[in-house]
Amino acid sequence: MKKGYFGQYGGRFVPETLMPALIELEKAYLVSKKDKDFQKELSHLHKTYIGRPTPLYFAKRITEQLAGAKIYLKREDLAHTGAHKINNALGQALLAKKIGKKRLIAETGAGQHGVATATGAALVGLECEVYMGSDDMKRQSLNVFRMRLLGARVIEVPVGSRTLKDAINEALRDWTTNVRTTHYVLGTVFGPHPFPTMVRDFQSVIGREARKQILQAEQRLPDYLIACVGGGSNAMGLFYEFLNDNIKMIGVEAGGKGIETGEHAARFAGGSVGVFQGCKTYLLQDEDGNVLGTHSVSAGLDYAAIGPEHPYLKDMGRVQYTYATDDEALSAFELLSKTEGIIPALESAHALAETIKIAPKLSKNKLVIVNLSGRGDKDVQHIADIKGIKL
Amino acid sequence: MNRIEKRFKELKAENKKAFIPYVMAGDPSPKETKKIVLVLEECGADIVELGVPFTDPLADGPTIQRAAERAIKKRVTLKRVISLVRDLRRRTEIPLILMTYYNPVFKYGDERFIGDAKEAGVDGVIIPDLPPDEAGEFIKFARKKDIATIFLLAPTSTDERIKKVAVSSRGFIYYVSMTGITGSRLLIDNSTGRSIRNIRRITDKPIAVGFGVSNPDEAKAVAKISEGVIVGSAIVKKVKGGSGKKLREFLLKLRTAIK
C-alpha cells in the first residue's frame, strides 16, 4: 500500500507550505512510537491523569429491556474531560512539546476536542487557541466556557456553514501561517497523513483495554462492536484492535432529519469519493465537487467527510456502516439516561440507537460492546432547547 | 511551445518581468469576467490567472473566499469556467491559467478535465492542495496535452522539496512569498531574496511570486527578485467596484512598477 494511504483513500493533499511540517511530524511520531520514555510518560498519564483504563460496564437493565444480546458499554465518558478525545489530544500535546512547538491550535465541533486540547496544553504548558463555528458555539456554549476556564482562546468562525468543516479550514489557514511555532492538534482520524494513522494509534488504547476487559468478564471476544462515526476516531479506536478477529463491526453515521431530506451527515448513504481537507475519502458533495452543508442534532457528527480508513474498511466489507436519525438518537439518549443512570453524549447516542435496533434480534448469548464515547453534560442545554424548556 | 513558456521567453529577451493578475471567474458574473480579462490585457497583463470558485478554499484569505462565495451563488462551476475560457479564446491570445482546488478537478476526472481545458484554450493549471507528491497521474495527462503544471514553493520548502517541485513544474514556479494565506500582509525582506536565490541554484525555471502583493511598491520590490509578480486579492477587491476607471488606473500603476 502507498505510504499514507488506506487502499485508494488518504494521502496528503495540502498546500506546499505545510508539506515540510507534515514530513517532520511523521518522523517525530514514528520516533515517539519507539521511544520508551515517551510511551512510559504517556501511559503514566493515561493512568494518573485521564483515569484509564476506563471501565467496561455491563448494562444489565438495558439488556433486560431489549431482551436480546448482552450489552457492554466502554465508558470513555468517564475519561478525564468527559470523552475519548483526551486520548489523542494529550498524545499530540506531548509530541508537540517534544518537537519544540510553542503553541497548539485545534478545531472543535461539539467542543470535546477543544476542551481536550485546552487541557493537554495546560498540562504540558503550551499556548492554545481553538477554532469553533458560530453555530456550534451556540449549541455547545458550556464547552466554550470550559475551554476559556482552561486558559485557551476560542476563536469564532462565522463563515461558511459555521460548523466543524469551517473550523477545520480556519485551523489549517492558521497552521499555514504559523507553522514554524505551532502544532495543529487535529481531533480525529482525518486530514493529511500522518494524522489519520497517528490519531488512530493514540485512540487504539480503547480497543486494547476493551479486549482485556471482555476476556476477563466473559472469557471470550464479543460478537459485535458498535460506535458512532463523525470523523471516526472513537470508532477506529475501538475497532482497530479487533480487525483481525471474527467480530461484526458497525459504524453509525448521523442520519439527521433523514437521508431523503438531504439534511444529514451520512457520507456513505449520500456521498461519493472526493478530496477534502487533506485527504481522499468519502464526502458529501454536489456534482461539481463543491462540499454540501450537513445537519445533525449532534455537533460532533455534523461533518461532510469521514476519516479515510473507514471507506477502506467498508470496501473490504470489514466494517458495516449505517446511520441513526436525530429522533432515534434523542430517544436512545433518554433511554440510557433513565434506564442506566448514564447521560450519554448525543454523538454516542447514535451508537446506542443502532444497538436498540439490533440487540432485540440477537440471541441472549451474543455479546455487544458499544463505545460510549462521551458524556452528555455538554448536551443538557441543547436538549432543553429542543424540548422548549427554559433552564 | 505553450503560451506561458513563450511569454516568459519573450519577456526574458526584452529583460522584462511578468505581470500576472488573478481574478475569480464569475465574480461578479461570468459576463463581467470576460470583460475584465480583456481590460487586464489592455492594461499590460502578461498572463491571467482565473480562479475557480470552491466552497472550502483553504489556502485563501477572506477576500478570495468571499469572491468564491459570490461566484458560487451565480452557479459558476469548473465546467462553466472552462466554457468561459472557450469564449475568451475567440478574442484574446493572452496565456490563461486556471487556479482551482483539487476536488472539482477530481470530480470532473483528471483526464477529461485536461482534455476539455486544452480544447478550450487553457495554458496552465495551479492547484494549491495538490502537491507534486499526489499529482503523478495528473502530470502525465497534462504533459500529453502540453498544459503547464505550476506547483508552489514556500519559505518552509526544503532543498529536497524544491527539487521535487522544480522537476514537476512547467511554465513557471509559483513562490508563495510568506507562510500564510492569500491576501495576508506582505513583508519582503532579505529572507525572501535569499530563498529565491536558493531556488535558482536548483532550477532555471522562471519564478513568479504571489500571496500578499497588494500595491505598486510591493510589486516593484518583488519584480526585482523574480521573473513575475502575481497580484490576486488586491485586484479582486478592485473588481468588486467594477471594471471601470479605478481598476484600470490600479492595473496601469502595477504594470509600471513591474519592470
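The sequence lines fix the lettering, A, B, ..., with proteins before strands; numbering per chain opens at 1. These values consider heavy atoms only, across backbone and side chains, with no hydrogens, waters or symmetry-generated copies.
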[X] atom [atom1]: more than 12 heavy-atom contacts under 6.0 Å:
X	atom1	result
Lys118(B)	NZ	yes
Arg70(B)	CZ	yes
Lys34(B)	NZ	yes
Arg143(B)	CZ	yes
Tyr323(A)	OH	no
Lys145(B)	NZ	no

Proximity breakdown for [X] and chain A, heavy-atom pairs closer than 4.5 Å:
X	value
Ile72(B)	side chain
Tyr108(B)	neither
Leu152(B)	both

Which residues in [range] have a heavy atom less than 4.5 Å from any heavy atom of chain B?
range	value
residues 160-173 of chain A	Gly160(A), Lys165(A), Asp166(A), Asn169(A), Glu170(A), Leu172(A), Arg173(A)
residues 286-293 of chain A	Asp286(A), Glu287(A), Asp288(A), Gly289(A), Asn290(A), Val291(A)
residues 13-24 of chain A	Phe13(A), Val14(A), Pro15(A), Glu16(A), Thr17(A), Met19(A), Pro20(A), Ile23(A)

Less than 4.5 Å apart, any side-chain heavy atom of Phe276(A) and any of Asn103(B)?
->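 Phe276(A) does not reach Asn103(B) side chain to side chain.
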When Pro132(B), Pro57(B), Gly61(B) are compared by non-hydrogen pairs under 4.5 Å with chain A, the top option |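 Maximum pair count with chain A is reached by Pro57(B).
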Residue-level interface, residues 156-168 of chain B with chain A, non-hydrogen cut-off under 4.5 Å =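 From residues 156-168 of chain B, the residues near chain A are Thr156(B), Ser157(B), Arg161(B), Val165(B).
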Which portion of Val159(A) sits near chain B, non-hydrogen atoms under 4.5 angstrom |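 Side chain only.
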Taking all non-hydrogen atoms of both residues, which atom of Arg12(A) and which atom of Glu134(B) are closest, and how far apart?
->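 In this case the closest contact between Arg12(A) and Glu134(B) is N-OE2, 2.7 Å.
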Reported NZ-to-CG distance for the pair Lys3(A) and Asp133(B), which is rounded to 0.5 angstrom =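 Separation between the atoms: 9.0 Å.
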